[in-house]
Amino acid sequence: MMAMVLDGPGLPLRPERRPVPQPGPHDVLLRVRACAVCRTDLHIVDGDLPPHRLPLVPGHEIVGDVVAAGALADRFAPGTRVGVPWLGGSCGVCAYCVEGRENLCEQALFTGYDRDGGFTEYTLADARYCCPLPAAYDDAHAAPLLCAGLIGYRAYAMTGAARRLGLYGFGAAAHIVAQVARLQGRTVFAFTRPGDLQSQAFACTLGAAWAGPSGTAPPQPLDAAILFAPVGALVPQALAATARGGTVVCAGIHMSDIPSFPYALLWGERCVRSVANLTRADGAAFFDLVGAGGIATTVTTYPLAAANTALDDLRAGRIDGAAVLLP
């Protein structure tokens, strides 16, 4: 099989011919049909996140067909199309796992970080952590749902009943969350990098009531904000735009340092919190919500061999929605 392999932080991925892997007891072997490219992949490739293993096949928004299964992996029949998200495993016995907070398990394994991921033609995944996928989405349009959708949904859930929602960084996750929020009758305000008129226009096509550069005050105070852009300086900006009692949710796995800011921005029972990973329950709830196909994903597709081009385009902000590799 062909795989795109990372040898070290800051290096381009290189193509490599590898043997098709054999499933362990709980694994399914998947023929990869699509794998979306996430900003977390970019953080891993660029070295923002320290490597857990090298060489590594990145990619954690995988759509694939079950080809074979280990002795204990009887959840999916051969030929079933499944999704593989970021959370690839957890210990199952720690206090976090027992409480249903497996996303915080200290022994958690992550797809495309601890385990080889989906920038390849075949991959292994623990069947217990795979997601059944709704038939309403084809492979390319289902792939972004597996992280941009799932992590975005978990972050969105942390905003409670907020009626006026700010989204900072209008990329793959925000373009999904904006549609969910609009379906639920909320008002969306989109914040982009200054001068990014393309993303601002894209946000408006998806129902945003306003779109403008970060650092600009929205027309109304926000009840909550979600930060998808990994820029710590946005935290005080979002707090300044948020009404008393509001919540600012930091949704990325990596963020640059948050600068000091006056306590007055936090006072008034404002809250700043992070979102870490996802749980299997998040997957079930999210796919129940979008299963009928009412949420559209905008994708730009690339052949597997063009993985570096897809990463470059994501890095430069040239993509509306999500990049997806098609082996």
Side-chain angles (χ1 to χ4, degrees), residues 38-40 42-43 46-50 103-104 147-148 151-178 180-182 186-204 206 208-278 314-317:
C38 179
R39 184 159 293 276
T40 300
L42 198 58
H43 291 316
D46 289 349
D48 298 322
L49 294 173
N103 59 308
L104 302 180
C147 186
I151 298 297
Y153 174 75
R154 184 172 180 85
Y156 175 67
M158 300 301 178
T159 66
R163 305 306 300 173
R164 300 182 300 271
L165 177 66
L167 302 177
Y168 286 77
F170 205 85
H175 100 285
I176 294 171
V177 170
V180 175
R182 290 296 300 126
R186 309 192 190 196
T187 303
V188 174
F189 302 86
F191 298 81
T192 73
R193 285 181 280 195
D196 189 356
L197 301 181
Q198 177 178 321
S199 293
Q200 292 169 25
F202 180 51
C204 290
L206 295 176
W210 174 91
S214 58
T216 302
Q220 304 172 58
L222 306 174
D223 296 315
I226 304 175
L227 275 57
F228 292 114
V231 181
L234 292 175
V235 172
Q237 292 181 20
L239 283 169
T242 302
R244 295 184 181 194
T247 300
V248 173
V249 182
C250 302
I253 192 173
H254 167 79
M255 178 179 276
S256 60
D257 290 347
I258 301 171
S260 63
F261 56 86
Y263 176 64
L265 290 180
L266 186 62
W267 189 78
E269 300 191 352
R270 295 176 180 86
C271 172
V272 177
R273 64 169 303 159
S274 68
V275 163
N277 313 313
L278 73 150
L314 178 59
R315 190 182 289 111

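Just so it is clear, the model here is predicted, and its values are computed rather than measured.
- With values rounded to the nearest 0.5 angstrom, Ser274 atom OG is found 10.5 Å from Ile253 atom CD1.
- The side-chain contact (heavy atoms from CB on, under 4.5 Å) test with Ile258 singles out one residue from Val235, Val231, Val272, and that residue is Val235.
- When all heavy atoms are compared, the tightest approach of Gly166 to Phe191 is CA-CE1, 4.1 Å.
- Rounding to the nearest 0.5 Å gives a distance of 12.0 Å between CG of Leu167 and CD1 of Ile176.
- Looking at every heavy atom in both residues, Ala155 comes nearest to Val275 through CA-CG2, 3.7 Å.
- Shown here for Trp210 and Ala217, the closest heavy-atom pair between the two residues is CZ2-O, 4.2 Å.
- The shortest non-hydrogen separation linking Leu239 to Arg270 is O-NE, 3.7 Å.
- For residues 187-196, every residue pair satisfying the side-chain hydrogen bond (donor to acceptor under 3.5 Å, both in side chains) rule, not counting sequence neighbours, is listed here: Thr192-Gln200, Asp196-Ser199.
- A distance of 10.5 Å separates OG1 of Thr159 from CZ of Arg273, quoted to the nearest 0.5 Å.
- Considering only residues two or more places apart in sequence or on other chains, Arg315 meets the salt bridge (charged side-chain N to carboxylate O under 4.0 Å, His left out) condition with Asp46, Asp312.
- Looking only at side-chain heavy atoms (C-beta outward), Tyr156 and Leu165 come within less than 4.5 Å of each other.
- Counting heavy atoms from C-beta outward, Val188 and Arg182 have side chains that approach closer than 4.5 Å.
- The line from CD1 of Ile226 to CD1 of Ile151 is 12.0 Å long, rounded to the nearest 0.5 Å.
- Not one N or O on the side chain of Arg164 forms a donor-acceptor pair closer than 3.5 Å with the backbone of Gln220.
- Applying the ring pair (Phe, Tyr, Trp, His ring centres under 6.0 Å) definition to pairs two or more places apart or across chains, those involving residues 237-261 are His43-His254.
- Using cut-offs of 30° and 60° on the angle between ring planes, the pair Phe202 and Phe170 is perpendicular.
- The heavy-atom pair separating Phe189 from Pro218 by the smallest distance is CD2-CB, 4.2 Å.
- Nearest heavy-atom pair across Thr247 and Thr242 is N-CG2, 4.1 Å.
- The closest donor-acceptor contact from the side chain of Asp223 to the backbone of Arg163 lies under 3.5 Å.
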